[in-house]
Structures are given as structure tokens and as C-alpha cells.
Amino acid sequence: MLRQDPNVIMVGETRDQETARMAVEASTTGHLMLTSMHTNSALEAVFRLLDLGVERYAIANSLVGVLHQRLVRRLCPSCSEPCEYPAPIIERLYRAGAIAPGETPTLRRAPGCQRCAGTGFQGRVGVTELLVASDAVRTAFSCGADLSQLKPVARNGALFEMPRSAGALLNLGVTGPGEVLHLLQGAGSTT
């Protein structure tokens, strides 16, 4: 396929050493390589490549970014309504990082209607986390930083974390607190 000189290459999933090395090699020769991996966060995807036998310098030189996605149920737009939630729920949202201290969002709920078959939900929406491979992230990773050392470097402007994305969906009334708390507590995300 590379002999056809494509600008963009999509590999369905990278889960073995041969695929990982080929993907990184193709990206270092000027191709935009897109692939998927199963990890719990954007930062963990970088270390997954390392686990698959790709050298640190190759990862650091070829990585542009990582988009991590999880799905939550979307509130039914037909029956969604503003709702006051109890203080313990609001406190849990603060602790999970979905709501900033001092912020008072208008939260919503959907009791159910004919359109959503009484469930209160219609479809799903992605909650994302974005890691941009900044010079600081590349340098720290190249120098041997582990996950706990790389996280503070990435948080300095290169990482848009999942709690912020979930909080934005809450503020827009797209999803409810229960969905966000389930997602963030299941992923072990706390700030």
C-alpha cells in the first residue's frame, strides 16, 4: 500500500508489534497515520506503543496527537428539562472535575416520553480527551518519563482531559450527571 504513496493511511486497530512498528515507520516517512487502540486514557496510548516494542525516540518523533473517546447516553431532547440535583451529586461532580469550583451549572434530566420509549435517553455522544504531542511532551517522553511523570507535563497545555469534556456536555444539557459520574468514576478519573 505504501508504494501507492497515500497521504493518509488508516489502520483499523493497532494491537501487535508488527502493526505498531509499521504504523510508526510510515508516519516518520511523511504519511499521516490514523489508528485505534484500546487504552484507558490518551496518555496510556503512548505507553501502549512502548509496550508493543516501538522505541521511545520513534514514538516521540512520529506522534502528533491522541484522541481518547468514551460514550455516554444523550438525554432525550423531547423531554429533557432543567432539574435541581441534591448537594451530594453536585459535590461528586466537583470532585470528579466535571464542574469547576464556584460554577453553578443548569443541570438537566429527562423523565421519559413516547419519543424515547420512556427511557429518557436517545442515542449516545462521545466524551473525549485530547493529547497534543507538544515539544515538552515529546522531550519528557524521550528522556524516559513514565506515565506519572508525563501527566503533569501534558497538563501544562497539551492535554484536554475527559472531565472537562464531560462538564461541557453537562453545561450544554446534552447528558446528565448520572452518566458523567458513571463514566468518570468507572475510568478512575479524579482531579
Side-chain angles (χ1 to χ4, degrees), residues 13-15 34-51 63-112 116 118-134 136-137 140-141 145-191:
E13 184 178 352
T14 299
R15 57 179 160 189
L34 304 172
T35 189
S36 65
M37 303 178 91
H38 292 279
T39 62
N40 292 322
S41 71
L43 279 169
E44 287 179 32
V46 178
F47 289 93
R48 178 73 179 122
L49 287 170
L50 194 62
D51 292 343
L63 188 68
V64 174
V66 178
L67 183 68
H68 175 70
Q69 173 186 286
R70 302 282 300 271
L71 297 173
V72 293
R73 294 182 295 177
R74 181 189 298 266
L75 291 175
C76 173
S78 297
C79 61
S80 174
E81 60 191 23
C83 177
E84 270 194 49
Y85 281 85
I89 297 288
I90 303 300
E91 180 60 35
R92 286 174 60 197
L93 289 168
Y94 284 127
R95 282 195 317 264
I99 299 175
E103 185 180 0
T104 53
T106 302
L107 302 175
R108 300 184 74 83
R109 72 176 186 95
C116 61
T119 64
F121 298 100
Q122 259 192 351
R124 297 187 293 174
V125 63
V127 180
T128 58
E129 181 171 272
L130 177 65
L131 170 67
V132 177
S134 66
V137 168
F141 184 73
D146 64 17
L147 183 60
S148 65
Q149 295 165 328
L150 192 59
K151 195 174 223 174
V153 174
R155 281 184 168 166
N156 195 14
L159 183 63
F160 179 81
E161 294 184 84
M162 195 166 281
R164 287 179 56 198
S165 176
L169 292 175
L170 270 177
N171 284 325
L172 292 171
V174 174
T175 193
E179 290 294 300
V180 168
L181 289 171
H182 178 74
L183 169 79
L184 296 178
Q185 291 169 350
S189 298
T190 56
T191 56

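Source: prediction; values computed, not measured.
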Listed by chain and number, what are the salt bridge (Lys or Arg N to Asp or Glu O under 4.0 Å) partners of Arg108, not counting sequence neighbours? none
Any donor-acceptor pair under 3.5 Å from Thr175 side chain to Arg73 backbone: yes
Which residue is it: Asn171, Leu170, Leu93? I am looking for the one with a side-chain contact (heavy atoms from CB on, under 4.5 Å) to Glu103. Asn171
Pair Glu161-Arg155, side-chain contact (heavy atoms from CB on, under 4.5 Å): steps then yes or no: CA-CA 8 Å; Glu161 294 184 84; Arg155 281 184 168 166; 2.8 Å; yes
Please report the shortest heavy-atom distance between Leu150 and Ala140, naming the atom on each side. CD1-CB, 3.7 Å
Is any side-chain heavy atom of Thr119 less than 4.5 Å from a side-chain heavy atom of Cys76? no
Rounding to 0.5 Å, atoms CG (Leu63) and CZ (Phe141) come to a distance of 8.5 Å
For the atom pair CZ (Arg74) and CG (Leu169), what is the distance rounded to the nearest 0.5 Å? 8.0 Å
Apply side-chain contact (heavy atoms from CB on, under 4.5 Å) to the pair Met162 and Leu183, showing each step before the final yes or no. CA-CA 9 Å; Met162 195 166 281; Leu183 169 79; 4.0 Å; yes
Less than 4.5 Å apart, any side-chain heavy atom of Val72 and any of Arg70? no
Of the options Val132, Leu131, Thr128, which is the one that meets Leu67 in a side-chain contact (heavy atoms from CB on, under 4.5 Å)? Thr128
Just to verify, what does Arg92 make a side chain to side chain contact (heavy atoms under 4.5 Å, CB included) with, not counting sequence neighbours? Ile89, Arg95, Leu181, Gln185
Looking only at heavy atoms, which two atoms of Phe121 and Cys116 are closest? And how far apart? O-CB, 3.4 Å
Counting distance only, does the side-chain N/O of Glu129 pair as donor-acceptor with the main-chain N or O of Ala42 below 3.5 Å? yes
When every non-hydrogen atom of Leu43 is compared with those of Ala154, the smallest separation belongs to CD2-CB, 4.2 Å
Between the CD atom in Glu84 and the CD1 atom in Ile90, the distance rounded to the nearest 0.5 Å is 8.5 Å
Treating Glu179 as the side-chain partner and Gly176 as the backbone partner, does any N or O pair qualify as donor plus acceptor under 3.5 Å? no
How close do Ala166 and Leu184 get, heavy atom to heavy atom, and via which atoms? CB-CD1, 4.5 Å
Which heavy-atom pair separates Thr14 from Met37 by the least distance, and what is that distance? O-CG, 3.9 Å
If I compare all heavy atoms of Cys79 with all of Gly120, which pair ends up nearest, and what's the gap? SG-CA, 4.4 Å
Determine, step by step, whether Glu13 and His38 satisfy the side chain to side chain donor-acceptor pair (under 3.5 Å) criterion, reporting the C-alpha distance in whole Å, the side-chain angles of both residues, the deciding distance to 0.1 Å, and the verdict. CA-CA 8 Å; Glu13 184 178 352; His38 292 279; 3.2 Å; yes
